[in-house]
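Notes to accompany the following structure.
Note that the structure is a prediction, hence the values are computed from the model and not measured. For ligands, and for the atoms within them, numbers begin at 1 and follow the listed sequence. Start at 1 with the first residue, then count along the sequence.
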Amino acid sequence: MYSIVVKKYGSPDVLEYVETVSKKITNNSVRIKVHSVGVNFADILTIKGRYQERPRPPFSPGLEVSGEILEVGNSVSNHKIGDTVIAIMKFGGYQSEVVVPAENTYNLPKSMPLDIAAGFPVTYGTAYSALVSKAKIKKNEICLVLGATGGVGVATIEIAKALGCKVIACGGDDDKLKGCIKVGANHVINYKNNILKNELKRLNIKEVNVIIDMVGGQVSLNAIKSLSWNGRIIIVGFASGVIPDIPANRLLLKNASADGLYWGELAYRTPNQIKKDFLDLFHLYEKKLISPVNHKIFRLKDASDALNYLLARKNIGKLILKS
Ligand SMILES: NC(=O)c1ccc[n+]([C@@H]2O[C@H](COP(=O)([O-])OP(=O)(O)OC[C@H]3O[C@@H](n4cnc5c(N)ncnc54)[C@H](OP(=O)(O)O)[C@@H]3O)[C@@H](O)[C@H]2O)c1
């Protein structure tokens, strides 16, 4: 088998592609022949040693894979050899074979191809938890998505639309924002070149009910000013690199709430809830209410190119590594 390995924290260029040996399986685990791996912004932070999870080198990054089960542990009853699955992990996905707990492995619907499935868990799982479990978003509410052009952003647009909401997609690049219209956004706003409040006014939108925030920094602070009565902002990430100091008075005046989501940890703490969420998402997929696509596929051995592509902000939606 082959692994992408970080021997020393650093930029994506530190990654090495090496031949390694298979791990031993435990009673509650499954062995998966990896077909494809999802690439996430968090991988860049993990490789730098700057993510919440800080594995000690040498380690392989990677939060999600798709593939086929090769072997099941003695106590595993919900999976069998040959099942096609997705699996989530805290790190270790950038490999041609993985051993993961059975409870973090989910059977796929037959209609979902493995290269699409690899990019599905983190982006769609996070977006669904943010919109449904955290914001409890309702039909006809207005949802403002910050960082709408990224992997989580595109998934958020699609799910919010499928739930009957009006979606305003915000990002920093006009060409990428055109892609947000294609996946269902009602309006797009470029927050790099324009003042958010003025743009909302131009769209005749006074207030928004829900903000899903992948960006942080000044953009978040500007967006919070437009929250409605009982509004909710869900903090998902800080792609801008700046953690905003949310003014409590803004929340008080609107009877509003700010809530954080750490989906990776939630998925480990509540695997049964996540399983239920995935079943809901697969249902939306089969009804064609969400249509995940990959922006670009790289080979596993070219993982550093994929991460540099993500760092250069060239992607609209998801990047994948093929094992
Ligand atoms: N809390 C959780 O459980 C969880 C789960 C998944 C992801 N996340 C976090 O959510 C964020 C987005 O993840 P992703 O996978 O969607 O990443 P991605 O595909 O790389 O997308 C990043 C998004 O952020 C914007 N962005 C990037 N750099 C920026 C900057 N310097 N200033 C302003 N905007 C910037 C990009 O917009 P433009 O290039 O169009 O401007 C793009 O829309 C990351 O911070 C990630 O760590 C958190």
Side-chain angles (χ1 to χ4, degrees), residues 12 37-48 50-53 61-64 88 90-91 118-131 133-135 144-159 169-181 183 185 188-194 196 211-223 233-244 258-270 274 277 292-296 306-320:
V37 186
V39 176
N40 287 286
F41 195 87
D43 301 337
I44 295 169
L45 302 175
T46 310
I47 293 163
K48 271 191 188 159
R50 298 238 182 101
Y51 195 55
Q52 291 98 312
E53 288 301 324
L63 304 174
E64 55 185 351
I88 50 175
K90 293 194 170 180
F91 57 91
F120 195 79
V122 174
T123 47
Y124 283 82
T126 301
Y128 191 85
S129 288
L131 289 164
S133 308
K134 289 284 180 179
L144 187 85
V145 186
L146 303 179
T149 52
V152 182
V154 168
T156 305
I157 297 170
E158 280 204 287
I159 298 169
C170 305
D173 181 289
D174 285 336
D175 283 338
K176 286 165 72 177
L177 283 167
K178 281 182 197 151
C180 294
I181 294 280
V183 297
V188 293
I189 294 178
N190 184 329
Y191 47 55
K192 204 160 139 197
N193 304 334
N194 303 291
L196 192 64
I211 300 169
I212 306 294
D213 183 10
M214 270 66 77
V215 174
Q218 191 57 43
V219 172
S220 297
L221 297 177
N222 294 347
I233 174 167
I234 311 300
I235 296 139
V236 178
F238 310 108
S240 67
V242 183
I243 298 172
D259 201 349
L261 171 66
Y262 182 6
W263 186 82
E265 184 62 26
L266 188 73
Y268 269 86
R269 287 179 186 238
T270 59
I274 297 303
D277 291 356
V293 287
N294 294 325
H295 176 75
K296 197 169 161 72
L307 291 166
N308 280 323
Y309 192 93
L310 195 78
L311 259 181
R313 295 163 74 174
K314 291 182 183 164
N315 64 308
I316 308 169
K318 204 71 197 184
L319 301 179
I320 296 296

Test your reading of the structure: does N315 have an N or O sitting under 3.5 Å from an N or O of ligand 1? yes

In this structure, atom 17 (O) of ligand 1 is nearest to the protein heavy atom F41 CB, 3.6 Å

Please name all residues satisfying side-chain hydrogen bond (donor to acceptor under 3.5 Å, both in side chains) with E64, sequence neighbours left out, ordered by chain then number. N40, K318

Have a look at N40, V152, T46 and point out the one with the heavy atom closest to atom 16 (O) of ligand 1. V152

With distance as the sole test, does W263 use its side chain to make a donor-acceptor pair with the main-chain N or O of G125 at under 3.5 Å? yes

Does the N or O separation between I235 and ligand 1 drop below 3.5 Å for any pair? no

Please report the interatomic distance CG(N190) to OG1(T149), rounded to the nearest 0.5 Å. 9.5 Å

Out of curiosity, Y262 OH to Q52 CD, how far, rounded to the nearest 0.5 Å? 4.5 Å

Could you check which of A239, G150, G264 puts a non-hydrogen atom nearest to atom 18 (P) of ligand 1? G150

Which segment of L266 sits under 4.0 Å of ligand 1 when only heavy atoms are counted: neither

Hey, does Y51 come in under 3.5 Å of ligand 1, counting only N/O atoms on both sides? no

Shortest protein heavy-atom distance from atom 5 (C) of ligand 1, along with the residue and atom involved: T126 OG1, 3.4 Å

Taking atom 39 (O) of ligand 1 as the reference point, the nearest protein heavy atom with its distance: K176 NZ, 2.8 Å

Between the CG atom in L196 and the SG atom in C170, the distance rounded to the nearest 0.5 Å is 5.5 Å

Pick whichever of L311, D43, V215 has a heavy atom sitting closest to atom 33 (C) of ligand 1. V215

Side chain to side chain contact (heavy atoms under 4.5 Å, CB included) with L261: which of I212, L266, I235? L266

To the nearest 0.5 Å, how far apart are OH in Y51 and CD1 in I44? 12.0 Å

Under 4.0 Å from a heavy atom of Y191: which atoms of ligand 1 are those, numbered in the order shown and with their elements? 34 (N)

Looking at every heavy atom in both A267 and I274, which two are closest together, and how far apart are they? CA-CG1, 3.4 Å

For atom 19 (O) of ligand 1, what's the nearest protein heavy atom and its distance? G151 N, 2.9 Å

Before giving the answer on side chain to side chain contact (heavy atoms under 4.5 Å, CB included), spell out for K176 and K314 the whole-Å C-alpha distance, their side-chain angles and the decisive distance to 0.1 Å. CA-CA 9 Å; K176 286 165 72 177; K314 291 182 183 164; over 6 Å; no

Separation between CD1 of I47 and CG of L307, rounded to the nearest 0.5 Å: 4.5 Å

Before giving the answer on side chain to side chain contact (heavy atoms under 4.5 Å, CB included), spell out for N294 and L319 the whole-Å C-alpha distance, their side-chain angles and the decisive distance to 0.1 Å. CA-CA 6 Å; N294 294 325; L319 301 179; over 6 Å; no

Selected option - heavy-atom contact closest to atom 23 (C) of ligand 1, from G147, G216, G260, G153: G147

Distance from atom 32 (N) of ligand 1 to nearest protein heavy atom, with residue and atom: S240 CA, 3.6 Å

Residues two or more places apart in sequence or in another chain: which of them pass side-chain hydrogen bond (donor to acceptor under 3.5 Å, both in side chains) with D173? none

Centres of the F120 and Y124 rings: under 6.0 Å? yes

One finds that the ligand 1 atoms under 4.0 Å from a non-hydrogen atom of L310 are 20 (O)

Note: Y309, heavy atoms under 4.0 Å from ligand 1, region reported as neither

How far is atom 3 (O) of ligand 1 from the closest protein heavy atom, and which atom is that? W263 N, 2.6 Å

What distance do I316 atom CD1 and L177 atom CG have between them, rounded to the nearest 0.5 Å? 9.0 Å

Ligand 1 to T149 polar contact by distance, N or O atoms, under 3.5 Å: yes

Considering only protein heavy atoms, which is closest to atom 10 (O) of ligand 1, and at what distance to one decimal place? M214 CG, 3.7 Å

Is the closest N or O pair between G172 and ligand 1 shorter than 3.5 Å? yes

Only heavy atoms of L261, strictly under 4.0 Å: list the atoms of ligand 1 that pass. 1 (N), 2 (C), 3 (O)

Of the protein's non-hydrogen atoms, which lies at the shortest distance from atom 8 (N) of ligand 1, and what is that distance? V236 O, 3.7 Å

Nearest-option assignment for atom 31 (N) of ligand 1, heavy atoms, candidates K318, R313, K314: R313

